[in-house]
Amino acid sequence: MSERVDRATAVALPETLAVAVAAATDVGGRPSNEDAVLALALPAAPGQPPAFLLAVADGMGGHADGEVASALAVDTLRQAFSGEAGTDPALTLKQAFRKANEAVWARGAESADGGRMGTTLTAAVLKGRYATVASVGDSRAYLLRNRGLTQVTKDHTLVAEQVAQGVVKPADARNHPQRNILTHALGTRAKLDTRLPPVYELTLLPGDRLLLCSDGFFDVLEDRDYADALLAAPAADAVRALVALATGRGATDNVSAVVAEAVPTRVPTALPVPAGRAGFPVAAAVAVAAILLLALIAAVLVLGGFVGL
Ligand code: CA
């Protein structure tokens, strides 16, 4: 009987996630914005969950070269995913980073500075509840779960390496005078180091926020600031509030943020009644069972009384 379901019964399917994404960037304390951002819904393959491509790139170089480098890296990434998220986002991300490195390197060789442009790139592919993150440089991905902020990516900076080696204390890294010196970037060498980019895999839970951001935030925001801003409003408003908070605190650099919010949702659905069983509603079955049970109890009581149990 437990297999039978009345046609009108609403059933909550296992919790599914809807994902909202948004991006914001601001020139901050610089004369021009060398950051580039991307928050893009990818074409959904038949039968596949919705997918998104997110990215933050922070360019560097003389004149307008930083802007060129970051835009080129993001465009190369976008083209690599123009089909769809694919079956192996990690592999597509790795290939895209190599192409972006080559594209920025080639453009740098044509520039007046002779190849001195470069860019960070932190990117994420969201597919259903799974997020695949890759990063080169010091733009970061953070996971906000409940109110806890965790840095997903490792910084490719001299100071981060020195912290890992125990040479610099973690507490001293934030204000270290050499904190902005990168050990890896895209476009500064002809070929990207074969170990790059590192790839991080996450499973999103309802209410999680995945934040990608450039380093313009790091000097002016504390962990609780990210949490406060991201939890106060839906993704589109939250990401603008986060950038406004950093500029309001006097960020001296460009500030860019991309957010994906895993919005919990339940989908009520009426299950179809299996063929051949539709004529026997659950309520009737319960009533019949109850009557039979009462009759059995009554019979036991009568029998018990009769035999003196
Ligand atoms: Ca920057």
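Counting starts at 1 for both ligands and their atoms, in listed order.
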Item to check | N, O or S from Glu34 under 3.0 Å to the Ca ion (ligand 1) | outcome: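 Under 3.0 Å: Glu34 has no N, O or S contact with the Ca ion (ligand 1).
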
Next on the checklist: Strictly under 3.0 Å, is the Ca ion (ligand 1) approached by any N, O or S atom of Asp35?
Outcome noted: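 So Asp35 does not bind the Ca ion (ligand 1) by this criterion.
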
Checklist entry - Is a side-chain donor-acceptor pair under 3.5 Å present for Asp58 with Ser214? => result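 Ser214 vs Asp58: no donor-acceptor pair found between side chains.
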
Checklist entry - Using a distance-only test with no angle check, is there a side-chain donor-acceptor pair under 3.5 angstrom linking Ser139 and Thr120? => result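 Present: a donor and an acceptor within the cut-off.
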
Checklist entry - With the Ca ion (ligand 1) at the apex, how many degrees lie between OD2 of Asp253 and OD2 of Asp58, rounded to 10 degrees? => result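 Nearest ten degrees: 160°.
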
Next on the checklist: Between the Ca ion (ligand 1) and Asp215, which N, O or S atom of the residue is the nearest one?
Outcome noted: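 Nearest to the Ca ion (ligand 1) within Asp215's N, O and S set: OD1.
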
Checklist entry - Between atom CG of Leu143 and atom OH of Tyr200, what is the distance when rounded to the nearest 0.5 Å? => result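 Interatomic distance, Leu143 CG to Tyr200 OH, rounded to 0.5 Å: 14.0 Å.
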
Item to check | Electrostatic pair Glu222-Arg174, nearest N-O below 4.0 angstrom | outcome: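 A salt bridge is present here (some side-chain N lies under 4.0 Å from a carboxylate O).
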
